[in-house]
Student: 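Before anything else, here's the structure in question.
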There are 2 protein chains.
Amino acid sequence: MELEAIIGRLRGRGYKVTPQRLMVLKALAAERHQSLEELRGRCSGVGLATLYRTLDLLTGIGAVRRLELGDGPRYELAGDHHHHLICESCGEISEFEECPLDGAGLGRIGGFSPRAHSLEVYGRCAGCR
Amino acid sequence: MELEAIIGRLRGRGYKVTPQRLMVLKALAAERHQSLEELRGRCSGVGLATLYRTLDLLTGIGAVRRLELGDGPRYELAGDHHHHLICESCGEISEFEECPLDGAGLGRIGGFSPRAHSLEVYGRCAGCR
DNA sequence: ATGTAGTTGAAAAATTTTTTCAATTAGGAG
DNA sequence: CTCCTAATTGAAAAAATTTTTCAACTACAT
């Protein structure tokens with residue numbers, strides 16, 4: 001399970017597995033690309049500072065991705081590779097899994113060696129056309 | 001010239017071309033992906049609020065892109081299509097023009113019709129390998 | 001030259017994020 | 001199971017960032 005792996009990674013690095021951290025992880029597992037406020041809602045009892053600290057920690061160990069999709073940061077579990085579609089009309093955010101870079105891939109670019117990438121696509125969702 | 005086009009667009013939409021706006025535009029033309037502080041440095045005499053307002057305005061009319069590359073927002077003229085390489089070791093930001101999506105292109109994705117996209121590549125720069 | 005809507009700077013307000021610090025707790029050692 | 005200790009937490013304060021307010025100013029159409 002996804003969460004188990006993250007918990008293992010926390011323990012492996014000497015971090016404690018606290019109820020607060022578990023709560024944040026479960027909140028993240030419940031839905032993708034959530035804003036801080038949404039996470040707050042799902043993590044009642046977890047202090048604001050702890051929420052920030054936990055997201056920092058999880059981002060640091062690669063368990064969480066911090067997104068900037070247009071209005072304020074969002075967070076999601078970093079588990080699977082996918083990209084975001086942002087509707088410029090209604091603001092809806094959706095995902096797609098078929099990475100357009102899969103085929104072409106990213107070889108060395110100049111002297112730069114890629115490790116990861118993020119791709120955001122802006123346009124209009126089905127509903128808004 | 002790039003700036004002329006933007007100035008035209010401002011006028012066309014009923015915005016005034018003020019010395020402050022020109023100063024911000026020239027600052028943006030001087031270098032890519034600048035932080036607010038860098039822009040501040042190049043725009044002496046321009047009030048902070050005006051700088052924010054101007055960047056907002058220019059972003060609104062599509063003349064400027066606001067970037068989120070890792071630590072704090074950055075801004076650049078939206079003129080040409082390019083993407084960013086972010087070195088995870090030293091933080092250096094560089095660009096590349098050859099868009100990997102050029103060939104494959106982005107057709108309709110599900111019901112979503114793409115208008116633009118942004119791609120950021122994280123890895124290690126030549127110097128850090 | 002004039003009038004006016006748009007613009008500006010400075011300060012205040014609002015928002016967001018980080019830090020501080022005393023109290024609490026997870027988890028290893030015995 | 002109990003103890004111990006370093007890690008963690010919450011609340012409040014502080015810091016950083018962004019937006020708003022408002023009176024004075026100015027670009028530019030007429």
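A note on names: the letters A, B, ... follow the listed sequences, proteins ahead of strands, and every chain is numbered from 1.
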Student: Looking at B:Glu95, B:Glu76, B:Glu38, which one forms a salt bridge (charged side-chain N to carboxylate O under 4.0 Å, His left out) with B:Arg32?
Tutor: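 Result: among B:Glu95, B:Glu76, B:Glu38, B:Glu95 is the only option passing the salt bridge (charged side-chain N to carboxylate O under 4.0 Å, His left out) with B:Arg32.
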
Student: Is it possible for you to say whether A:Tyr75 and A:Leu10 belong to one hydrophobic cluster, with membership spreading through side-chain heavy-atom contacts below 4.5 Å?
Tutor: yes

Student: To the closest 0.5 Å, what do you measure between CG (B:Leu48) and CZ (B:Arg53)?
Tutor: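 The CZ atom of B:Arg53 is 9.5 Å from CG of B:Leu48, to the nearest 0.5 Å.
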
Student: Take atom CD of B:Glu68 and atom C1' of C:dT17, then tell me their distance rounded to the nearest Å.
Tutor: 14 Å

Student: Pick base, sugar-phosphate or nothing for A:Arg11, based on heavy-atom distances below 4.0 Å to the nucleic acid.
Tutor: sugar-phosphate

Student: Between the opening five pairs and the closing five pairs of the helix from C:dA1-D:dT30 to C:dG30-D:dC1, how far apart are the helix axes, to 10°?
Tutor: 40°

Student: Does B:Arg53 make a side-chain donor-acceptor contact with the base of C:dG6, cut-off 3.5 Å?
Tutor: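 Answer is no: no donor-acceptor pair is held.
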
Student: Mark yes or no for whether A:Gln20, through its side chain, and A:Gly45, through its backbone, hold a donor-acceptor pair below 3.5 Å.
Tutor: no

Student: With a 4.0 Å cut-off on N to O distance, would you call B:Arg42 and B:Glu31 a salt bridge?
Tutor: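 So B:Arg42 pairs with B:Glu31 through a salt bridge.
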
Student: In whole Å, what is the span from the CG atom of B:Leu22 to the C1' atom of D:dT26?
Tutor: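 So the CG-C1' distance, B:Leu22 to D:dT26, works out to 14 Å.
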
Student: What's the CG-C1' distance between B:Leu48 and D:dT20, to the nearest Å?
Tutor: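 Checked: the CG to C1' distance equals 13 Å.
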
Student: Using residues 114-127 of chain A as the side-chain source, report each donor-acceptor pair under 3.5 Å to any protein atom, sequence neighbours left out, with the distance given to one decimal.
Tutor:
residue: A:Arg115; atom: NE; partner: B:Glu88; partner atom: OE1; Å: 2.6
residue: A:Arg115; atom: NE; partner: B:Glu88; partner atom: OE2; Å: 3.3
residue: A:Arg115; atom: NH2; partner: B:Glu88; partner atom: OE2; Å: 2.7
residue: A:His117; atom: NE2; partner: A:His81; partner atom: NE2; Å: 3.3
residue: A:His117; atom: NE2; partner: A:His83; partner atom: NE2; Å: 3.3
residue: A:Ser118; atom: OG; partner: A:Glu120; partner atom: OE2; Å: 3.1
residue: A:Ser118; atom: OG; partner: B:Glu120; partner atom: OE1; Å: 2.5
residue: A:Glu120; atom: OE1; partner: B:Ser118; partner atom: OG; Å: 2.6
residue: A:Arg124; atom: NH2; partner: A:Ser89; partner atom: OG; Å: 3.1

Student: Would a 4.5 Å heavy-atom cut-off, applied to side chains only, mark B:Leu85 and B:Ile93 as touching?
Tutor: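 Not touching, per the 4.5 Å side-chain cut-off.
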
Student: Respond yes when some side-chain nitrogen or oxygen of A:Thr18 is under 4.0 Å from OP1 or OP2 of D:dT9, and no when none is.
Tutor: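 For D:dT9, OP1/OP2 do have a side-chain N/O of A:Thr18 under 4.0 Å.
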
Student: Which sits closer to the 5' end of DNA chain C, A:Ala49 or A:Glu37, going by the nucleotide each is nearest to?
Tutor: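 Looking at the nearest nucleotide for each, A:Glu37 comes out on the 5' side.
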
Student: Nearest 0.5 Å, please: how far is CD1 in A:Ile7 from CG in A:Leu22?
Tutor: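 Atom-to-atom, A:Leu22:CG and A:Ile7:CD1 are 5.0 Å apart.
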
Student: Between atom CE in B:Met23 and atom C1' in C:dT8, what is the gap in whole Å?
Tutor: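 My rounded result for the distance is 14 Å.
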
Student: Atom CZ of A:Arg13 and atom P of D:dT8: how far apart are they, to the nearest Å?
Tutor: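 Checked: the CZ to P distance equals 13 Å.
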
Student: Could you state the CG-P distance from B:Leu55 to D:dT17, rounded to the nearest angstrom?
Tutor: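 Answer to the nearest Å: 15 Å.
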
Student: Take atom CZ of B:Phe96 as the centre, draw a 6.0 Å sphere, and report whether it contains more than 12 heavy atoms from other residues, nucleotides or ligands.
Tutor: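 Yes, the 6.0 Å shell around CZ holds more than 12 heavy atoms from other groups.
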
Student: Check the interface with nucleotides 4-7 of chain D: list each N/O to N/O pair with the protein under 3.5 Å, or write none.
Tutor:
residue: D:dA6; atom: N3; partner: A:Lys16; partner atom: NZ; Å: 3.3

Student: Whole angstroms only, please: what is the CG-C1' distance between A:Leu51 and D:dA12?
Tutor: 17 Å

Student: Can you work out whether B:Val17 or B:Leu36 has the more 5'-proximal nearest nucleotide on DNA chain D?
Tutor: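 Per heavy-atom nearest nucleotide, the more 5' residue is B:Leu36.
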
Student: Please pick, from C:dT8, C:dT17, D:dG10, the nucleotide with the shortest atom-to-atom distance to any side-chain atom of A:Gln20.
Tutor: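 Ranking C:dT8, C:dT17, D:dG10 by closest atom to the A:Gln20 side chain puts D:dG10 first.
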
Student: CG of A:Leu57 versus P of C:dT18: gap in Å, rounded?
Tutor: 13 Å

Student: Search all heavy atoms of A:Leu51 against all heavy atoms of A:Val46 and return the closest pair with its distance.
Tutor: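 Heavy-atom minimum between the residues: N-CG1, 4.1 Å.
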
Student: State whether B:Tyr52 places a side-chain N or O below 4.0 Å from either non-bridging phosphate oxygen (OP1 or OP2) of D:dT19.
Tutor: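 For B:Tyr52, the contact criterion (side-chain N or O under 4.0 Å from OP1 or OP2 of D:dT19) is not met.
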
